[in-house]
A.B. asks: 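First the structure, which I've put down as structure tokens, then a few questions once you've had a look.
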Amino acid sequence: MELIFLTEEDACQLQSFFTKTGVHLSYTKQQNRYVFFFPRNENTDRYAEALTDFIINVKRAEFLDKMLSTHFFYENEEERIQIIDIVTAMCLGKRKELTAFTGKMNEHSIVKQAVIAVFETSDAVLFDSLLTFRLQDYYDALKKYLCVAIDEYKMEQDYQMFVNMLRDYLHKQEPKKKLVHLSLTDPVCFYDENSKVMTRDEVMKLVDRRLLFNHPVYIDSAVIAPLLSIAPNEILLYTDSEEKAIIRTLLNIFEERLKILPLADFRK
């Protein structure tokens with residue numbers, strides 16, 4: 001079976017990938033075309049596997065970049081790279097919370113079936129035709145992933161703007177206390193530098209009401225608003241679950257001011 005490329009750059013890209021993965025095939029130049037000849041023998045499945053890996057590991061990012069440019073009009077390269085990184089993580093099974101919206105794509109199976117079909121039914125095929133006509137199901141699945149990744153990227157950007165805004169607010173605040181102990185129990189408990197409990201009324205009296213008025217949806221009134229308003233030099237946070245979303249937000253806002261300790265340390 002002959003796999004035909006229209007540009008030497010594309011042919012070199014595949015040959016380089018083959019060399020790195022131990023497949024010993026080279027292209028030949030025939031007039032203005034660059035041709036790989038795949039013999040039909042016991043190595044056919046290995047060739048199909050190598051071509052599948054090439055499409056997934058090399059071409060997938062190019063497909064996504066083109067979709068973002070032409071269909072979603074993302075002109076900024078850095079934005080495209082960040083969105084492609086999200087899709088890549090989804091494909092690798094690292095963002096299950098996102099693939100839950102689309103269903104898990106069996107990427108390798110979809111691509112390899114298309115490649116094998118070409119090996120079995122064609123004597124010669126343009127690589128561009130393989131990508132355009134044989135991989136439509138793959139493109140459709142990638143586009144679903146891409147739509148979710150774009151939404152996630154926008155949410156991450158909004159979140160980062162939110163965090164930056166709160167950092168700016170924090171840096172302008174004069175500390176009302178040097179140290180605050182915070183126990184992430186139910187209910188949340190604040191303690192002053194002498195480990196004396198701060199009542200709910202005491203905490204709320206320190207809260208800057210502008211935070212809650214200007215950002216009623218985004219500002220957590222139980223933890224984030226009091227800490228921002230008190231603006232302590234140091235926060236000792238006690239918890240048995242560092243995976244909570246609010247802890248990530250607190251770390252992003254308060255950075256080196258925040259230290260996380262086991263809940264048992266506080267109970268001592």
Side-chain angles (χ1 to χ4, degrees), residues 1-71 80-81 83-149:
M1 196 275 290
E2 293 181 352
L3 185 63
I4 304 166
F5 288 83
L6 299 179
T7 70
E8 189 167 17
E9 180 181 358
D10 288 340
C12 286
Q13 190 182 44
L14 178 58
Q15 185 167 313
S16 175
F17 183 83
F18 279 172
T19 300
K20 291 176 183 177
T21 54
V23 176
H24 303 294
L25 277 180
S26 300
Y27 66 87
T28 59
K29 184 176 181 180
Q30 298 179 5
Q31 296 179 338
N32 292 324
R33 297 185 173 194
Y34 307 87
V35 182
F36 286 88
F37 176 73
F38 294 88
R40 288 192 172 98
N41 55 30
E42 67 278 3
N43 289 321
T44 297
D45 187 69
R46 185 186 178 199
Y47 296 144
E49 186 73 20
L51 191 55
T52 297
D53 289 343
F54 173 71
I55 291 170
I56 291 172
N57 295 318
V58 177
K59 288 297 178 181
R60 182 217 289 143
E62 295 179 13
F63 302 157
L64 294 169
D65 191 70
K66 185 175 181 180
M67 284 186 198
L68 284 167
S69 297
T70 60
H71 295 289
R80 297 200 303 271
I81 289 172
I83 295 169
I84 290 169
D85 285 345
I86 295 172
V87 176
T88 300
M90 293 171 70
C91 290
L92 295 175
K94 295 179 180 179
R95 298 297 300 267
K96 293 180 181 178
E97 78 281 9
L98 299 182
T99 53
F101 293 108
T102 60
K104 182 71 176 73
M105 165 180 57
N106 191 332
E107 183 178 24
H108 185 272
S109 177
I110 292 174
V111 176
K112 189 170 182 180
Q113 285 178 15
V115 170
I116 288 176
V118 169
F119 273 82
E120 291 178 345
T121 61
S122 303
D123 292 324
V125 63
L126 283 170
F127 184 67
D128 288 349
S129 297
L130 164 62
L131 300 182
T132 302
F133 300 111
R134 299 282 188 165
L135 291 176
Q136 192 58 52
D137 289 345
Y138 182 46
Y139 284 137
D140 291 343
L142 278 180
K143 193 169 184 179
K144 289 179 182 178
Y145 273 28
L146 191 57
C147 288
V148 171

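All figures in this text were calculated on a predicted structure; none of them were measured in a lab.
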A.B. asks: Which value, rounded to the nearest 0.5 Å, describes the distance between Ile83 atom CD1 and Cys147 atom SG?
C.D. replies: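 Taking CD1 in Ile83 and SG in Cys147, the distance rounds to 10.5 Å.
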A.B. asks: Using atom types as modelled and distance alone, determine if a side-chain donor or acceptor of Thr88 lies under 3.5 Å from a backbone N or O of Ile84.
C.D. replies: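 The answer is yes, because a donor-acceptor pair under 3.5 Å joins these two groups.
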A.B. asks: Can you find a pair of side-chain heavy atoms, one from Glu97 and one from Val148, that are under 4.5 Å apart?
C.D. replies: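 Heavy-atom side-chain distance check fails, nothing below 4.5 Å.
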A.B. asks: For a salt bridge (Lys or Arg N to Asp or Glu O under 4.0 Å) check, start with the C-alpha distance between Arg46 and Glu49, then their side-chain angles and the critical distance, and finish with the verdict.
C.D. replies: CA-CA 5 Å; Arg46 185 186 178 199; Glu49 186 73 20; over 6 Å; no
A.B. asks: Answer with yes or no whether the side chains of Gln15 and Thr19 bring together a donor and an acceptor at under 3.5 Å.
C.D. replies: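 No pair is found: no donor N or O on one side chain lies under 3.5 Å from an acceptor on the other.
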A.B. asks: Decide yes or no for Thr21 and Phe54: does some side-chain heavy atom of the first lie under 4.5 Å from some side-chain heavy atom of the second?
C.D. replies: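 A side-chain contact under 4.5 Å is absent here.
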A.B. asks: Mind checking the CG-NZ spacing from Leu64 to Lys59? Nearest 0.5 Å is all I need.
C.D. replies: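 Result: 12.5 Å between the selected atoms.
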A.B. asks: Are Phe36 and Tyr47 packed together at the side-chain level, in the sense that at least one heavy-atom pair is separated by less than 4.5 angstrom?
C.D. replies: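 In short, these two side chains do not touch, never coming nearer than 4.5 Å.
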A.B. asks: More than 12 non-hydrogen atoms from neighbouring residues, nucleotides or ligands closer than 6.0 Å to CD on Gln30, yes or no?
C.D. replies: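 For Gln30, atom CD is crowded (more than 12 foreign heavy atoms under 6.0 Å).
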A.B. asks: Please round to the nearest 0.5 Å and tell me the distance separating atom NZ of Lys66 and atom CD of Glu62.
C.D. replies: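 It comes to 10.0 Å.
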A.B. asks: Roughly how far apart are Ile116 CD1 and Thr121 OG1, rounded to 0.5 Å?
C.D. replies: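 Between Ile116 CD1 and Thr121 OG1, I get 11.5 Å after rounding to 0.5 Å.
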A.B. asks: Can you tell if the side chain of Tyr138 reaches within under 4.5 Å of the side chain of Ile55, non-hydrogen atoms only?
C.D. replies: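 Side chain of Tyr138 against side chain of Ile55, heavy atoms only: contact under 4.5 Å found.
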A.B. asks: For the CZ atom on Arg33, are there more than 12 heavy atoms of other groups (residues, nucleotides or ligands in this structure) within a distance under 6.0 Å?
C.D. replies: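 Atom CZ in Arg33 is not crowded, with 12 or fewer foreign heavy atoms closer than 6.0 Å.
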A.B. asks: Check whether any side-chain heavy atom of Leu146 sits under 4.5 Å from a side-chain heavy atom of Leu142, and report yes or no.
C.D. replies: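 Side chain of Leu146 against side chain of Leu142, heavy atoms only: no contact under 4.5 Å found.
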A.B. asks: Verify the ring-centre separation between Tyr27 and Phe5: is it less than 6.0 angstrom?
C.D. replies: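 Here the rings of Tyr27 and Phe5 have centres that are no less than 6.0 Å from each other.
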A.B. asks: On a heavy-atom basis, which atom in Tyr145 and which in Thr99 lie closest, and how many Å separate them?
C.D. replies: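 Scanning both residues, the minimum pair turns out to be OH-CG2, 3.6 Å.
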A.B. asks: Could you check whether any side-chain heavy atom of Leu14 comes within less than 4.5 Å of a side-chain heavy atom of Leu51, counting everything from C-beta outward?
C.D. replies: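 The answer is yes; the side chains approach within 4.5 Å.
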A.B. asks: Closer than 3.5 angstrom, by distance alone: can the side chain of Tyr139 be matched with the main-chain N or O of Leu131 as a donor-acceptor pair?
C.D. replies: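 Yes, the answer is positive, given that a donor and an acceptor are paired below the 3.5 Å cut-off.
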A.B. asks: Quick check for you: to the nearest 0.5 Å, what is the distance between Glu120 atom CD and Met1 atom CE?
C.D. replies: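 Those atoms lie 11.0 Å apart.
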A.B. asks: Heavy atoms only: give me the nearest Thr52-Lys112 pair and the separation to one decimal.
C.D. replies: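 Closest approach of Thr52 to Lys112, heavy atoms only: OG1-CA, 3.3 Å.
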A.B. asks: Would you compute the distance between atom CD of Gln113 and atom CG of Asp137 and round it to the nearest 0.5 angstrom?
C.D. replies: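 So the CD of Gln113 and the CG of Asp137 are separated by 9.0 Å.
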A.B. asks: Other residues, nucleotides and ligands only: do more than 12 of their heavy atoms fall within 6.0 Å of NZ on Lys94?
C.D. replies: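 Counting neighbours around NZ of Lys94, 12 or fewer heavy atoms of other residues, nucleotides or ligands fall under 6.0 Å, so no.
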A.B. asks: If every non-hydrogen atom of Val87 is compared with every non-hydrogen atom of Ala149, which pair is closest and at what distance?
C.D. replies: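 What the structure gives for the nearest pair is CG2-CB, 3.5 Å.
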A.B. asks: Asp140 pairs by side chain to side chain donor-acceptor pair (under 3.5 Å) with which of Gln136, Lys143, Lys144?
C.D. replies: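 Answer to the side chain to side chain donor-acceptor pair (under 3.5 Å) test with Asp140 among Gln136, Lys143, Lys144: Gln136.
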A.B. asks: State, with a plain yes or no, whether a side-chain heavy atom of Val125 is found less than 4.5 Å away from one of Leu3.
C.D. replies: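 Val125 reaches Leu3 side chain to side chain.
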A.B. asks: With a 4.5 Å heavy-atom cut-off, do Asp128 and Leu6 have their side chains touching?
C.D. replies: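 Contact flag for Asp128/Leu6 side chains = yes.
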A.B. asks: Taking all heavy atoms of Pro39 and all of Thr44, pick out the closest pair and write down the distance.
C.D. replies: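 Shortest heavy-atom separation between Pro39 and Thr44 comes out as O-OG1, 3.7 Å.
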A.B. asks: Looking only at heavy atoms, which two atoms of Lys104 and Cys91 are closest? And how far apart?
C.D. replies: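 Shortest heavy-atom contact: NZ-O, 3.7 Å.
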A.B. asks: For Asp85, check side-chain contact (heavy atoms from CB on, under 4.5 Å) against everything at least two apart and list the hits.
C.D. replies: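 Ile81.
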A.B. asks: Of the non-hydrogen atoms in Ala50 and Phe18, which two are nearest, and what is the gap between them?
C.D. replies: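 Answer, listing the atom of Ala50 first, then Phe18: CB-CE2, 3.7 Å.
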